Peer 1: 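Handing you this structure, nothing more for now.
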Amino acid sequence: MGKKVLVVGGGGRCHAIVDAISRSEQVEKIFCAPGNAGIAAQATCVPIKDTDVEGLLAFAKSESIDLTVVGPESSLAAGIADVFRANGLRIFGHCQAAARIETSKEFAKEIMLKYGVPTAQYTAFDSYEQAVEFVAGRPFPAVLKYDGLAAGKGVVIAQDLDEAKEALKDMLLDDRFGKGRVVIEDYLEGPEFSFMCFVNGHDVYPMPLAQDHKRAFDGDKGPNTGGMGAYSPLPFITAEDEAFALENVLQRTADAMVAEGKPLTGVLYGGLMKTAQGVKVIEFNCRFGDPETAAILPLLESDAYDIFSAIADGVKPASAPKWSGESILGIVLASKGYPGSYAKGAEIKFAEGFDARVYHMGTAMKDGQLVTSGGRVMMVVCTGKDVIEARAKANAAADKVLCDNLFHRKDIGWQAGK
């Protein structure tokens, strides 16, 4: 009898997870809650919110789900892993206490400084007046971070005091993201990159490195977004950089969380920067990154069910995850106007000759037609002998997505050359 898997979430990251699990010969049935129009081609979508822990628990029990895999941080923050395990259900994802590595910037900083994980110096405040006084007495730019989940919008790099005051007012006076504290960090410079690992207590299994592109437009111009594309491998990261990051950042943090009594059992995402002083941590996430996951999981040659299952059970996988050596690049197609206001409901078609993996982010079916339903709509992903070839293929594919209300960057992976 084949296995039944429940994937929790509904964006592009979850589509990539569903796609990876669908390649396992052990898996007979995949459910996704809530899923999206693209995921529906590979899984049965269930209309349950990713934070409705009791609803998800009841569904997993009623369907005799063998394994649940959690996509978004909001589910982990809501304690889904704790509740499922307390009910004897197998789940891939960190407990609520371990998820604090993402859900509290201050907690993450405390761990890093206590255990010698390289990162920027910081000070935390819950007083607006004290925070303004502190920022006014230090050099700009200043990095201001809301100490909690803010859907990727809780970080401001203030160029002057006026900008800092406005951001601090948002975070501490107007409670834009909720009641919380603010972490103020030293500004670091250098290229950023993402280093994700499967983590099971002390055991750390690295994934290929990737780089996300946050700015909306070519040339890294325009407003910050949730990510406009990603690629792997990275030309600016040496083998020595990668080995240093694995040992001194990911492994050291995994060991620290065990020592703190909050062992990690899922994915640890290191948002890192290569500075003139070496690799340093910008942030940690407690789950797969979005959009990087769509540019990494297609390279997985091992059985995804085996990996997720072993970590859910707290045991070592039969063998370390194996990855294809191919280059890969994904381009996000977003609704015009994103990350500001944008229209929904634009019809999407694919021209003849379209050839790419597609991971849906914000799509829906309306009257039998695929339409846009979000800011980031889908990601087209292609592999190649190098990043330049993968980019050429992905751009050609993106141009064959026919929709009047979409735009995309054409220079994803520009650091690999033209």
Side-chain angles (χ1 to χ4, degrees), residues 10-23 30 32 35-43 45 210 212-213 216-218 225-232 290-300 324 326-338 342-414 416 418:
R13 157 182 54 207
C14 292
H15 195 173
I17 293 169
V18 167
D19 184 48
I21 293 169
S22 74
R23 299 196 293 272
I30 306 173
C32 190
N36 63 39
I39 291 173
Q42 292 177 288
C45 293
D212 179 15
H213 293 56
F217 308 125
D218 283 10
T225 71
M228 294 300 292
Y231 72 101
S232 181
D290 190 352
E292 298 96 327
T293 303
I296 289 179
L297 283 187
L299 302 177
L300 181 63
S324 152
E326 289 179 295
S327 295
I328 190 166
L329 187 141
I331 298 172
V332 171
L333 287 85
S335 296
K336 289 177 181 175
Y338 174 78
Y342 52 85
K344 298 180 182 180
E347 187 178 343
I348 306 167
K349 292 186 175 179
F350 297 89
E352 194 173 336
F354 176 85
D355 183 21
R357 290 178 185 268
V358 181
Y359 293 122
H360 291 236
M361 298 167 145
T363 62
M365 294 300 291
K366 184 179 179 183
D367 300 328
Q369 301 292 337
L370 183 67
V371 298
T372 63
S373 68
R376 291 187 302 163
V377 174
M378 61 178 56
M379 187 164 169
V380 296
V381 180
C382 293
T383 56
K385 68 177 187 296
D386 54 30
V387 171
I388 295 168
E389 181 181 86
R391 183 201 301 136
K393 287 181 179 179
N395 272 320
D399 288 340
K400 288 185 175 177
V401 179
L402 308 179
C403 180
D404 293 337
N405 199 42
L406 293 179
F407 77 97
H408 65 273
R409 285 184 58 166
K410 295 184 181 297
D411 67 341
I412 301 299
W414 60 266
K418 294 187 177 179

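Only heavy atoms go into these numbers, but all of them, side chains included; no hydrogens, no water, no symmetry mates. As the structure is a computational prediction, the values presented were derived from the model and not from experiment.
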Peer 1: If you take all heavy atoms of Gly330 and Ile412, which pair is closest and at what distance?
Peer 2: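 The answer is O-CG2, 3.8 Å.
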Peer 1: Would you please name every residue forming a ring pair (Phe, Tyr, Trp, His ring centres under 6.0 Å) with His408, sequence neighbours left out?
Peer 2: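 Listed in chain order: nothing, the list is empty.
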Peer 1: Which atom pair, heavy atoms only, marks the closest approach of Ala37 to Leu370?
Peer 2: CB-CD1, 3.8 Å
Peer 1: Can you sort out the partners of Asp411 under side chain to side chain donor-acceptor pair (under 3.5 Å), two or more places apart, ordered by chain and number?
Peer 2: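 Result, side chain to side chain donor-acceptor pair (under 3.5 Å) vs Asp411: Arg409.
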Peer 1: Applying the side-chain contact (heavy atoms from CB on, under 4.5 Å) test to Val377, which of Val332, Asn405, Val371, Thr372 qualifies?
Peer 2: Thr372
Peer 1: Measuring from atom CD of Glu326 to atom OG of Ser232, what distance do you get when rounded to the nearest 0.5 angstrom?
Peer 2: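 Reported to 0.5 Å precision, the distance equals 11.0 Å.
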Peer 1: Locate the shortest heavy-atom distance separating Phe407 from Tyr338; write the atom from each residue and the value.
Peer 2: CZ-O, 3.7 Å
Peer 1: Under a 3.5 Å distance rule, please check whether Arg376 uses its side chain to pair with a backbone N or O of Gly227 as donor and acceptor.
Peer 2: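 Yes.
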Peer 1: Applying side-chain contact (heavy atoms from CB on, under 4.5 Å), run through Leu297 and Ile17 and close with a yes or a no.
Peer 2: CA-CA 7 Å; Leu297 283 187; Ile17 293 169; 3.9 Å; yes
Peer 1: Enter the distance from Thr383:OG1 to Leu299:CG here, rounded to the nearest 0.5 Å.
Peer 2: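 The distance works out to 8.0 Å.
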Peer 1: Are Glu389 and Arg391 within salt-bridge range, i.e. N to O under 4.0 Å?
Peer 2: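 Between Arg391 and Glu389 there is no salt bridge, as every charged N stays at least 4.0 Å from the carboxylate O atoms.
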Peer 1: Taking the basic N atoms (NZ, or NE/NH1/NH2) and the acidic carboxylate oxygens, is any pair closer than 4.0 Å for Lys410 and Asp399?
Peer 2: yes
Peer 1: Just so I know, are the side chains of Met228 and Pro291 near enough to count as touching, which here means a heavy-atom distance under 4.5 Å?
Peer 2: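 No - every pair of side-chain heavy atoms lies 4.5 Å or more apart.
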Peer 1: Quick one: sort the His360 and His15 rings into parallel, tilted or perpendicular, breaks at 30° and 60°.
Peer 2: tilted
Peer 1: Dump the intermediate steps for side-chain contact (heavy atoms from CB on, under 4.5 Å) on Val401 and Ile348, then the final yes or no.
Peer 2: CA-CA 7 Å; Val401 179; Ile348 306 167; 3.8 Å; yes
Peer 1: State which residues pass salt bridge (Lys or Arg N to Asp or Glu O under 4.0 Å) with Asp355; sequence neighbours excluded, sorted by chain then number.
Peer 2: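 With sequence neighbours excluded, Asp355 shows a salt bridge (Lys or Arg N to Asp or Glu O under 4.0 Å) to no residue whatsoever.
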Peer 1: Find the distance between SG (Cys45) and CE (Met365) and round it off to the nearest 0.5 Å.
Peer 2: 11.5 Å
Peer 1: Measure from the side-chain N and O atoms of Lys349 to the backbone N and O of Cys403, and report whether any donor-acceptor pair falls under 3.5 Å.
Peer 2: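 Answer holds: no.
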Peer 1: Let me confirm one number: the CG-CD distance from Leu402 to Glu347, rounded to the nearest 0.5 Å.
Peer 2: 10.0 Å
Peer 1: At what distance, to the nearest 0.5 angstrom, does OH of Tyr231 lie from CH2 of Trp414?
Peer 2: 8.0 Å
Peer 1: Are any side-chain N or O atoms of Ser373 and backbone N or O atoms of Thr363, one a donor and one an acceptor, separated by less than 3.5 Å?
Peer 2: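 It does hold such a pair.
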Peer 1: Quick one: do Gln42 and Ile30 satisfy side-chain contact (heavy atoms from CB on, under 4.5 Å)? Show the steps, please.
Peer 2: CA-CA 7 Å; Gln42 292 177 288; Ile30 306 173; 5.8 Å; no
Peer 1: Can you name the closest pair of heavy atoms from Ala394 and Val380 and give their distance?
Peer 2: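 Here Ala394 and Val380 meet closest at O-CG2, 3.7 Å.
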Peer 1: Starting at CD1 of Ile39, measure out to OG of Ser22 and round the result to the nearest 0.5 Å.
Peer 2: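 Ile39 atom CD1 to Ser22 atom OG measures 11.5 Å (nearest 0.5 Å).
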Peer 1: Taking all non-hydrogen atoms of both residues into account, name the closest pair between Cys382 and Ala397 and its distance.
Peer 2: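 Heavy atoms of Cys382 and Ala397 come nearest at SG-CB, 4.5 Å.
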Peer 1: Between Pro298 and Ile328, which heavy-atom pair has the shortest distance, and what is it?
Peer 2: CB-CD1, 3.7 Å
Peer 1: Check whether Tyr359 reaches the backbone of Met379 with its side chain - one donor and one acceptor, N or O, closer than 3.5 Å.
Peer 2: no
